[in-house]
Amino acid sequence: MRTVFWENNELKMIDQRILPGRFEVLAYRGHKEVAIAITDMVVRGAPAIGAAAAFGLALAGYESASSSSSGLIADLQAASATLKAARPTAVNLAWAVDRLMEVASASSAERSADDLRQLVLDEAQKLADEDVAINKRMAEHGAALINDGDTIIHHCNTGALATVDWGTALGVIRTAHEQGKKIHVFVDETRPRLQGARLTAWELEQYGIPYEIISDNTAGYFLKAGKVQKCFVGSDRTAANGDVANKIGTYMLALAAFDNGVPFYPVVPTSTIDLSLVHGDLIPIEERNPQEVLGLEFEGQRVAPLNAKARNIAFDVTPHKLVTGIVTENGVAYPPFEVSLKKLVENRP
Ligand code: MRU
């Protein structure tokens, strides 16, 4: 089953906030509700957010009462702004919305408003289908880097739940497992929202891949002890020079991997590569509600004092010098990334 899909004129999405305790699919009929669902992380993970926003724009088309193409385009433009503002770091969100707007605008002069509505929905469906195909291609390239017997550290959730289906870094691990390679995964729990402990562990259970959850600060211990052969992570936005923004904690993992000579591979569809940004310090970094940090409980009790304050930075940027290679659907990029990433992006389907 897909994480994000269109059915009976509605956008349907697995509610990732309540997994693994409960499995529920929520239905959406309005783009504003979709934007809220993205902000609240009903749906999360860069490619999944992109697909959700694309279907959100299709919903906006059907919400618009305009009977003229130009009126519809104006309504879609307003909806684009709402959807794009839902979360700042994952570039797939803006990429998906901009792609649909380009397609709609390019043929608005010769199509009726109803034709345009259908065109936007068709393009959203195409983008979602492509996401699955791209992930499978990426997984083949990435799995070639994995040896039988490898132990891998994985951060956050990059699986089927973070995409339309199959996954990015976890998709690589899944493909290597299906190829018959015996692998073991250390799953970073990924504070504060615990996407690793909740979502990645839940997915690995279903795929039958052996894993153990570790607290984020345990990764350095196992890397130094020589117990880990590779790190695979995703990315929410990768700059032209190969600096990689990903879930908070990725930078510390990359530093420990580098210090211990362990290869570090982000797995990144070309839709996540933002060639307009020359380096990673230009990537907008989301800061979320401190309550996500302060609300943690231990043995049934709130951990922090009642008046405590917190900072909740959702992503960090791993400098390219710590990155061994970047796996894309068009092949693996190696340094110098300015050259190799550009080549792979220009191959974009
Ligand atoms: O805050 P999230 O859960 O949306 O963050 C997700 C990640 O950081 C993933 O690693 C990233 O989207 C890339 S993999 C699909």
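In listed order, ligands and their atoms are each counted from 1. Computed from a prediction, not measured in an experiment: that's the story for all the values here.
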Inset, instruction - For side chain to side chain donor-acceptor pair (under 3.5 Å), just list the numbers for Glu292 and Asn312, CA-CA rounded to whole Å, side-chain angles, deciding distance to a tenth of an Å, and then say yes or no. - result: CA-CA 7 Å; Glu292 293 181 350; Asn312 185 12; 2.9 Å; yes
Legend entry - ring-ring contact (aromatic ring centres under 6.0 Å, His included) contacts touching residues 262-314 (sequence neighbours left out): Phe232-Tyr265
Inset, instruction - Mind telling me whether Phe222 and Phe186 have parallel, tilted or perpendicular rings, with 30° and 60° as the class edges? - result: parallel
Inset, instruction - State which residues pass side-chain contact (heavy atoms from CB on, under 4.5 Å) with Pro210; sequence neighbours excluded, sorted by chain then number. - result: His184
Would you be so kind as to tabulate the donor-acceptor pairs closer than 3.5 Å made by side chains of residues 138-150, with sequence neighbours excluded?
from	atom 1	to	atom 2	distance (Å)
His141	NE2	Glu329	O	3.2
Asp148	OD1	Lys182	N	2.7
Asp150	OD2	Asn147	N	2.8
Asp150	OD2	Lys230	NZ	2.7

Legend entry - Backbone N/O of Leu72 and side chain of Arg117: donor-acceptor pair under 3.5 Å: no
Inset, instruction - Can you tell me which residues line ligand 1 if we count any heavy atom under 4.0 angstrom from one of its atoms, in chain and number order? - result: Met41, Arg44, Gly45, Ala46, Pro47, Arg87, Cys156, Asn157, Thr158, Ala162, Thr168, Gln195, Gly234, Ser235, Asp236, Asn246, Lys247, Phe315
